[in-house]
Asker: 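The following block contains the structure, expressed as structure tokens.
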Amino acid sequence: MNYWLFKSEPESWSWRQQKAKGAAGQEWDGVRNYQARNFMRAMKVGDRGFFYHSNKERAVVGVVEVAAAAHPDSTDPTGTWDCVDIVAVAEMPNPVTLDMVKAEPELAGMVLAKNSRLSVQPVAEAEWRKVCRMGGLEKA
DNA sequence: GCCAACGTTGGC
DNA sequence: GCCAACGTTGGC
């Protein structure tokens, strides 16, 4: 199983909205970046991901699961872009902020800390476990 | 609100 | 194929 991070501006799509979707899942559409697209193409059903709020909040707020592998983005008429479907599976008891990530030496290698502009990113297993622990999730 | 970082576009 | 110009993202 692989781990990922999905970044969203809460103003356009928030964790609250994702949770409200429940098991119905949500197309992670609107991504227009080749690197991000390629990561989504590499995802498998059952992979886990962090749900990160960018801009004002800047924190990992929840955990999601990939519910459908990459398929054409229904909002893209050109057929260039793909997306996966995700469902909310757990909420961080304590959101892990970007500041916390940057202050933690074990997380110095996280893409989140190094490349702030990439909206879909891979997360190493050790990083995954560390962030879960910091957020108050024993396992996710 | 500003600006740095990054990706994309288009002229040559 | 290079690179300057431009647009966008997101942290500060």
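Here the structure is a predicted model, which means the values were calculated and not measured. Naming convention: chains lettered A, B, ... in sequence-line order (proteins, then strands); numbering from 1 in each chain.
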Asker: Nearest to the side chain of A:Asn33, which nucleotide is it out of B:dG7, C:dG10, C:dT8?
Answerer: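 Of B:dG7, C:dG10, C:dT8, B:dG7 is nearest to the side chain of A:Asn33.
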
Asker: Whole Å only: how far is the CG atom of A:Leu112 from the P atom of B:dC6?
Answerer: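 Distance, rounded to whole Å: 14 Å.
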
Asker: From C:dG10, C:dC12, C:dT8, pick the nucleotide closest to the side chain of A:Glu9?
Answerer: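 Ranking C:dG10, C:dC12, C:dT8 by closest atom to the A:Glu9 side chain puts C:dG10 first.
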
Asker: Can you check the A:Glu57 CD to C:dG11 P distance for me, whole Å?
Answerer: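 Checked: the CD to P distance equals 11 Å.
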
Asker: Consider the side chain of A:Tyr34, meaning its heavy atoms from C-beta on, and name the nucleotide among B:dT8, C:dG10, C:dT8 that approaches it most closely.
Answerer: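 The answer is B:dT8, which lies nearest to the side chain.
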
Asker: Any non-hydrogen side-chain atom of A:His71 less than 4.5 Å from a side-chain atom of A:Asp85?
Answerer: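 Yes, at least one pair of side-chain atoms sits under 4.5 Å.
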
Asker: If you check every side-chain atom of A:Ser54, which of B:dC6, B:dT8, C:dG10 has the closest atom?
Answerer: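 For A:Ser54, the side-chain atoms sit closest to C:dG10.
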
Asker: Need one value for A:Leu118: base, sugar-phosphate or nothing, where a base atom within 4.0 Å counts as base even if backbone is also close, heavy atoms only.
Answerer: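 It contacts nothing in the nucleic acid.
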
Asker: Using whole Å, what does the distance between atom P of nucleotide C:dT9 and atom CD of A:Glu11 come to?
Answerer: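 Atom-to-atom, A:Glu11 to C:dT9, this comes out as 13 Å.
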
Asker: How long is the span from the CG atom in A:Asp99 to the CD atom in A:Glu104, to the nearest 0.5 Å?
Answerer: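 These two atoms lie 13.5 Å from each other.
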
Asker: Do A:Val66 and A:Trp81 sit in one hydrophobic cluster, given that two such residues count as connected whenever their side-chain heavy atoms are within less than 4.5 Å of each other, even indirectly?
Answerer: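 Shared cluster, no.
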
Asker: Is the shortest side-chain N/O distance from A:Tyr52 to OP1 or OP2 of C:dG11 below 4.0 Å?
Answerer: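 Checking C:dG11 against A:Tyr52, a side-chain N or O does come within under 4.0 Å of OP1 or OP2.
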
Asker: Report yes if the side chains of A:Val63 and A:Phe50 come closer than 4.5 Å at any heavy-atom pair, otherwise no.
Answerer: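 Yes. Closest side-chain heavy atoms under 4.5 Å.
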
Asker: Could you tell me the separation between the CD atom of A:Gln121 and the P atom of C:dT9, rounded to a whole number of Å?
Answerer: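 In whole Å, C:dT9 P lies 15 Å from A:Gln121 CD.
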
Asker: Without decimals, in angstroms, what is the distance between A:Arg117 CZ and C:dC12 P?
Answerer: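 Rounded to the whole Å, the gap is 15 Å.
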
Asker: Nearest whole angstrom, please: distance from the C1' of C:dC12 to the CZ of A:Arg58.
Answerer: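 Nearest whole value for this atom pair: 7 Å.
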
Asker: Using atom CG of A:Asn38 as one end and atom P of B:dG7 as the other, report the distance to the nearest whole Å.
Answerer: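 Whole-Å distance recorded here is 13 Å.
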
Asker: Side-chain donor-acceptor pair under 3.5 Å between A:Arg32 and A:Thr75, yes or no?
Answerer: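 The criterion, which ignores hydrogens and geometry beyond distance, is satisfied for A:Thr75 and A:Arg32.
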
Asker: Could you state the CZ-P distance from A:Arg32 to B:dC6, rounded to the nearest angstrom?
Answerer: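 After rounding, the gap between these two atoms is 23 Å.
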
Asker: Which part of the nucleic acid, if any, lies within reach of A:Lys56 when heavy atoms closer than 4.0 Å are counted: base, sugar-phosphate only, or nothing?
Answerer: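 No contact.
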
